[in-house]
There are 2 protein chains.
Amino acid sequence: MQISAYAKDCPSRQILDRIGDTWSVLIVVMLADGPHRYTELARRIQGVSPKMLTQTLRGLERDGLIERTVYAVVPPRVDYALTELGRSLHGLVEALEKWAEAHIDEVLAARQAYSAK
Amino acid sequence: MQISAYAKDCPSRQILDRIGDTWSVLIVVMLADGPHRYTELARRIQGVSPKMLTQTLRGLERDGLIERTVYAVVPPRVDYALTELGRSLHGLVEALEKWAEAHIDEVLAARQAYSAK
DNA sequence: CAGCATCCCCTTCGATACTG
DNA sequence: CAGTATCGAAGGGGATGCTG
């Protein structure tokens, strides 16, 4: 076997990059219970800067995971919502959470044992 | 709801960080079919530097995902193998790959549509 | 309100050289 | 063979200020 981190065209790599991205995951989780406005996301996702929020939202939109709806009102209002695909990804994230919760104790125990060495 | 990227103690966050790490995933995949030596990994995982390889292996070992076996021979020989926990994680990675393969077309289509705008 | 542009720091990582 | 040590480049991301 021979594998490469540079196989950017590999489906797994692309999804991994998404999943590995802190803000992407948090946004998907936030949107899982319904659409939210920009400011709402900014306020409820602790620690995110406007720059990263926008940048991440664009990336998710580009990949068809969220949908951006602009209302022609003053002041402006923009809603973000998960698409079908986005909800599917959220399912994957949930599977991940389940694994994490099921095995975090073993990981923590391993770390204890490791530093004891 | 209110979520934070700084909740480092959150199980999901820790697993996410691991999953998001390029080299960690590649190593886990490499070791899925059995133990391998250091040099073997270095050669077969394209693009990894000794520094990152060692660093990543230490991280995985620390978290109890792989096991490091040193043979007292000359020249030295060190084997790395997945632990039970590591194999479990590999299962998760496989689930991820399945999702990726199942949905990559939709993502690519979305990107096409997005750049066409 | 919902962003974009700019500056800049600071971590991350690759390259290289060396060692038990 | 299996690493460690050091240096330096690159870019991710925060802070700030401005706009439609």
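Screening residues 93-116 of chain B for ring-ring contact (aromatic ring centres under 6.0 Å, His included), with sequence neighbours left out, gives B:W99-B:H103.
The side chain of A:T54 approaches C:dG3 more closely than any other nucleotide in the set D:dG14, D:dA2, C:dG3. With C:dG14, D:dC1, D:dT4 as the choices, the nucleotide that has an atom nearest any side-chain atom of A:Y6 turns out to be C:dG14. Taking only side-chain atoms of A:P76, from C-beta outward, the nucleotide of D:dA2, C:dG14, C:dC1 with the closest atom is C:dC1. In the set C:dC1, D:dT4, D:dG13, the nucleotide with an atom closest to the side chain of A:K51 is D:dG13. Listed nucleotides D:dA2, C:dG14, C:dC4 differ in distance to B:R37; the shortest reach to its side chain belongs to D:dA2.
Protein atom CD of A:E40 is 17 Å distant from nucleotide atom C1' of C:dG3, rounded to whole Å. Summarising the geometry, the separation between CG on B:D21 and P on C:dT12 is reported as 11 Å, rounded to the nearest angstrom. Rounded to whole Å, the distance from CE on A:M52 to C1' on C:dG3 is 15 Å. Counting to the nearest Å, the C1' atom of D:dG3 and the OH atom of B:Y71 are 18 Å from each other. Atom C1' of nucleotide C:dC1 and atom CZ of A:R68 are separated by 12 Å, given to the nearest angstrom. Look at CD on A:E61: it is 13 Å from C1' on C:dG3, rounded to the nearest Å. Taking atom CG on B:L53 and atom P on D:dG3, their separation rounds to 8 Å, with Å as the unit. Regarding A:Q55, its CD atom lies at a distance of 13 Å from the C1' atom of C:dA5, rounded to whole Å.
Note on B:R77: every side-chain N or O is 4.0 Å or more away from OP1 and OP2 of D:dA2. For A:Y38, no side-chain nitrogen or oxygen approaches OP1 or OP2 of C:dC4 to under 4.0 Å. Listed pair B:R43 / D:dC1 fails the phosphate criterion, with no side-chain N or O lying under 4.0 Å from OP1 or OP2. Listed pair B:T39 / D:dA2 meets the phosphate criterion, a side-chain N or O lying under 4.0 Å from OP1 or OP2. For the OP1/OP2 pair of C:dC4 and a distance below 4.0 Å, the side-chain nitrogens and oxygens of A:R58 include at least one atom meeting the criterion.
Around atom CD of A:E84, no more than 12 heavy atoms belonging to other residues, nucleotides or ligands sit under 6.0 Å away.
Taking the six-membered ring for Trp and thresholds of 30 and 60 degrees, A:Y80 and A:Y38 have ring planes inclined between 30 and 60 degrees apart.
B:L41 is listed as a side-chain neighbour of B:L31, based on a closest heavy-atom distance under 4.5 Å.
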Review point. After noting the C-alpha distance and the side-chain angles of B:E101 and B:K98, does the key distance pass the salt bridge (charged side-chain N to carboxylate O under 4.0 Å, His left out) rule?
Key: CA-CA 5 Å; B:E101 283 166 20; B:K98 273 195 185 136; over 6 Å; no

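Mapping B:W23 and A:Y80 onto DNA chain C via the closest heavy atom, the residue that lands nearer the 5' end is A:Y80.
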